[in-house]
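Please read all numbers here as calculations on a predicted model, not as lab measurements. We name chains A, B, ... by the order of the sequence lines, and we start the count at 1 in each one.
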Amino acid sequence: MEWIVETDKLSKAYNGIKAVDQLNFKIKESEIFGFLGPNGAGKTTTILMILGLTEPTSGKVKVYGHDATREALKVKRVTGYLPENVGFYEDLTAKENLRYITRLNGIPDKKSLPKIDEILEEVGLSEVTDTEVGKFSKGMKQRLGMGAVFVKNPKFAILDEPTAGIDPEGVDQILKFIVKISREQNITILLSSHLLYQVQKICDRVGIITKGHMIAQGSMDEIGKEIIKKEETLLEIQVSKVTPNLINSIKEIEGVKNIEKSDNHFLVKCDRDLREKISKTIVENGSLPLQIKTQDYTLEEIYIKYFREG
Amino acid sequence: MSRLKVVFWKEFADYFSSRRFLILFIIICITGSSITYIASQIIGQDITKASVGFIFLKLFTSSAGALPSFTFFISFFGPLIGIILGFDAINSEHSRGTMSLVLSQPIFRDSLINGKFLAGLATVAIMLISIILVISGLGLSTLGIVPNLAEILRIGIFFVASVIYIGFWLSLGILFSILFRRTASSALASIAVWIFFTFFIYMVASVIADQLVPVTHTATAEMITKNEYLKKMIMRISPATLFEEIAVAVLNPSVRVFGFVLPAQVKGLIPNPLSLGQSIMVIWPQFVGLIALMVICFAISYVIFMRQEIRAT
Ligand SMILES: Nc1ncnc2c1ncn2[C@@H]1O[C@H](COP(=O)(O)OP(=O)(O)O)[C@@H](O)[C@H]1O
Ligand SMILES: [Mg+2]
C-alpha cells in the first residue's frame, strides 16, 4: 500500500468555527511527513481525527484503508501516538506506565517486558526504569512518551509537537531517535510541529497548514516553488561605487521587479536569475560588482512570508 | 472485554496503593469497630433479658450511647467514601495528560469509564466486607454468640445494599469528574449534593408536605397521616432515606411498615419477627429505587463521557 494516510475534504468545526477546513493530504509509506503550522492552525485537531478520537464534521480520513472514525480500533492497533503535552501516571514507574500501555494493546507481559527494557534503553531512560514518573523532568517525560509510542511496535507513528518545551540538546536527541527508529523499523511518521525550523531537516515531505487549510505539501524544494512562485529570485549585490545612473539602468533590465539600496549594497528582486546581465550593466555604468549572491529562501522565510501574506 | 479488565486491574491497584484509600480504610475500621465494641458491651448487659433472637444483628443497629449505630455511620459517611473514590476519576486523567494517551490505545472509550466504575465498586465492596468481618469477629469474641443462617443472609443483603448505596455516590462523583475539568469543582459539587441529601432533604420534604397538606391544630388524623406520608415519599428521592429503610428492615426482622404508624394500623398485627422473605418484600421497592438511582447516575456519566471532546476546552 502506498498511501498510509489519505484525507478527503476533512473538516472539523467547533461551535461553528472551522478548526480544520477541507483538508486534503496524503502520507506515503515509510516517510517522515512534517505537519507544520503555527499554533491554532488545526494540527492537533487533524491528528485527533486521524486517530478517531474526534469525529470530523464532514469529510473522511483513511488510515491503511480503514475509515478512522468507524474503524478507529483498527487504526489505533497499528498507530503509535505521542499526544501534545503527554502525561503519565505519576505514582507509577516508567516501566509500569509502559506496561499499562502494552497491556492495553493486548500484548502479553512475557513479550512486552523485554521490549519495554529495550525501548527504555533506547530513549535513554535505562537508569530510571523503576523511578516514579512524578519525579521526571519535562524532557524525560517526553522521552518516555516516545517510548510509549514505539513500545507497541507500530507501523505508523503520530508525534504531536515532540520537541516543544525541550532544551536544544534534547531536541537533537529526539529528532535523531525519530530518524533512526523510522529508518531501522520502516515506520511511517507524521511529525506535527509549530517549530518548523527545528524539525524541517528530518522531514522527507512536509505539509503546511494555517487556519485549517493545507497551503502546500511536498518536499522542501517543491514547497519552495509552490509558495514563492519560484520565478522570483533575490540577489544581494555589492558594488565598488554607486554611479548616478546605475540604479535606473538595473531597474530597466527586463525581469527586474524591485531594487532596494543601502550604501553600496543592493537587494534586487527579479523573476529569474539575472546575475550575468546585472553584472554587465554594473560594469557598463563604470562600477564593479564586488559580490553577487542569490539568496535562497529558507523554509522559515517561506513560512513567515506566507503567514504575513495570509 | 479483556481491555476492560486491564483498566479495571490498573484502577483497582491504584486505589489500593493510594494514601487516600488507606486513610479512609483506617478511619472506617477504627470507627466501625469502636462503635460495635461499645454496642456489644451494652448488648451483652441485656443479653439475658432479651430472649428474642437476632442478637447478632443488633451489633449493626444498636447505637452505643453517644455513638451512632453502624448502619447510621454507613448511611452518613458511606457517601463520602464513594465521592472520595470517584470525584477525580475522569478530570484527573485530563489534567495529567493521560487521557489521550490511554484512549489512543486500541480500546473502546467505554472500557475506561466502565473499568474505573467497576474498580471503584470492587474497592467499596472489599472495604465493606473487611469491616463487616471485623465487626462480626468482635461480636463473636465479646458476645460469644454465633450468627445463624438467617442473620448471615440478612447481613449479606445489608452488604449488597451498602455497596449499591455507596456505588450511587461513586457514580455521582464520576459524573461530576466528567462535568467539571477541575478536581476541586467536582469535589465541591459532590459534597454539595451529599449535604443536600443528608441534611436538607428533611427540611425540604417538610416544607413541601406542609404546603400541600397543612397540618393545623384542627387537622384530622387522616390529614396528619397524609402529611407524614407525603413527607416520607419526598424524602425517598434521597438515596440515604432508601438505604436507611432497607437497613432498618433487613436488620430488624420485626419492622414491617415504615414511618409513622397509627395505632389502628398496628391493631391485629402480631409482633413476631418477619421471615427473610417477608422482610425482602418490605424492602424491595427501596432496593429497586436504590439500584435505579445508581444505574441512572452512571448511565448519564457514560453518555456524557462518550460524547465529550477529548480535549479540554
Ligand atoms: N474542544 C475545542 N472546542 C473549541 N475549539 C477548539 C477545541 N479544540 C481546539 N479548538 C480550536 O481549534 C483550533 C485548532 O486548534 P489545534 O488543532 O489545537 O491547533 P494546533 O494543534 O495546530 O495548534 C484553535 O483555534 C482552537 O482554539
Ligand atoms: Mg497542537
Side-chain angles (χ1 to χ4, degrees), chain A residues 12 14-15 17 19 44-45 47-55 68 71-92 96-109 132-134 138 141-142 144-145 147-149 151-152 154 157-158 160, chain B residues 1-23 85 88-116 118-119 177 181-183 303-313:
Chain A
K12 174 77 183 182
Y14 289 111
N15 312 317
I17 299 164
T44 302
T45 308
I47 288 171
L48 292 176
M49 290 190 284
I50 294 176
L51 284 162
L53 293 174
T54 289
E55 267 190 49
E71 300 174 285
L73 235 49
K74 284 185 181 159
V75 172
K76 292 194 281 189
R77 214 164 277 149
V78 293
T79 308
Y81 170 46
L82 176 76
E84 192 170 13
N85 303 318
V86 65
F88 288 93
Y89 297 98
E90 312 248 296
D91 36 14
L92 298 186
E96 286 167 342
N97 268 290
L98 292 194
R99 202 179 51 201
Y100 187 41
I101 304 279
T102 55
R103 283 182 178 169
L104 287 173
N105 279 276
I107 305 171
D109 285 357
E132 288 171 8
V133 172
K138 165 93 183 156
K141 278 187 197 159
Q142 201 72 10
L144 183 58
V149 171
V151 76
K152 58 192 270 193
I158 298 178
D160 198 355
Chain B
M1 194 59 201
S2 67
R3 305 300 151 83
L4 171 63
K5 250 193 257 168
V6 173
V7 176
F8 174 87
W9 285 113
K10 145 89 172 52
E11 294 296 328
F12 189 69
D14 275 1
Y15 279 135
F16 272 79
S17 56
S18 69
R19 199 167 303 152
R20 198 193 286 186
F21 170 81
L22 199 70
I23 293 170
L85 294 180
D88 65 346
I90 298 298
N91 49 14
S92 70
E93 298 272 346
H94 281 293
S95 55
R96 235 191 268 117
T98 43
M99 187 57 98
S100 341
L101 186 69
V102 169
L103 291 186
S104 68
Q105 308 309 325
I107 64 169
F108 288 110
R109 200 180 247 215
D110 60 356
S111 303
L112 186 69
I113 188 166
N114 292 344
K116 276 175 181 278
L118 292 177
S177 84
R181 288 293 177 164
R182 281 160 30 100
T183 51
V303 170
I304 296 176
F305 177 70
M306 293 301 279
R307 295 156 150 254
Q308 197 171 41
E309 270 302 324
I310 187 161
R311 260 183 306 178
T313 40

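Other residues, nucleotides and ligands contribute only 12 or fewer heavy atoms inside 6.0 Å of the CZ atom of B/R182. Counted within 6.0 Å of CZ on B/F108, heavy atoms from surrounding residues, nucleotides or ligands total 12 or fewer; the atom is thus considered open.
Looking only at distances, a side-chain donor or acceptor of B/R3 sits under 3.5 Å from a matching main-chain atom of A/L104. Checked by atom type and distance alone, the side chain of A/K152 never pairs as donor or acceptor with a backbone atom of B/Q105 at under 3.5 Å.
Between A/L53 and B/S104 there is a side-chain heavy-atom pair separated by less than 4.5 Å.
The shortest heavy-atom contact between A/F88 and B/R96 is O-CD, 3.2 Å. The minimum heavy-atom distance between A/K76 and B/L103, with the atom names listed, is NZ-O, 2.8 Å.
Comparing A/D91, A/L51, A/T54 by heavy-atom pairs within less than 4.5 Å of chain B, the highest count is held by A/T54. The choice from A/L92, A/I158, A/V149, A/N105 that makes the most heavy-atom pairs within less than 4.5 Å of chain B is A/N105.
Heavy-atom distances place both the backbone and the side chain of A/L73 under 4.5 Å from chain B. Interface residue A/Y89: backbone and side-chain heavy atoms are both found under 4.5 Å from chain B.
A distance of 9.0 Å separates OG1 in B/T98 from CD in A/E90, rounded to the nearest 0.5 Å. Of the inter-residue distances, the one linking B/K10 atom NZ with A/R99 atom CZ reads 11.5 Å to the nearest 0.5 angstrom.
Between A/K12 and B/E309, at least one side-chain N (NZ, or NE/NH1/NH2) sits under 4.0 Å from a carboxylate O, which counts as a salt bridge.
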For a quick test of your reading: what N or O donor-acceptor pairs under 3.5 Å do the side chains of residues 79-87 of chain A make, sequence neighbours left out?
| residue | atom | partner | partner atom | Å |
| --- | --- | --- | --- | --- |
| A/T79 | OG1 | A/V75 | O | 2.7 |
| A/E84 | OE1 | A/T44 | OG1 | 2.7 |

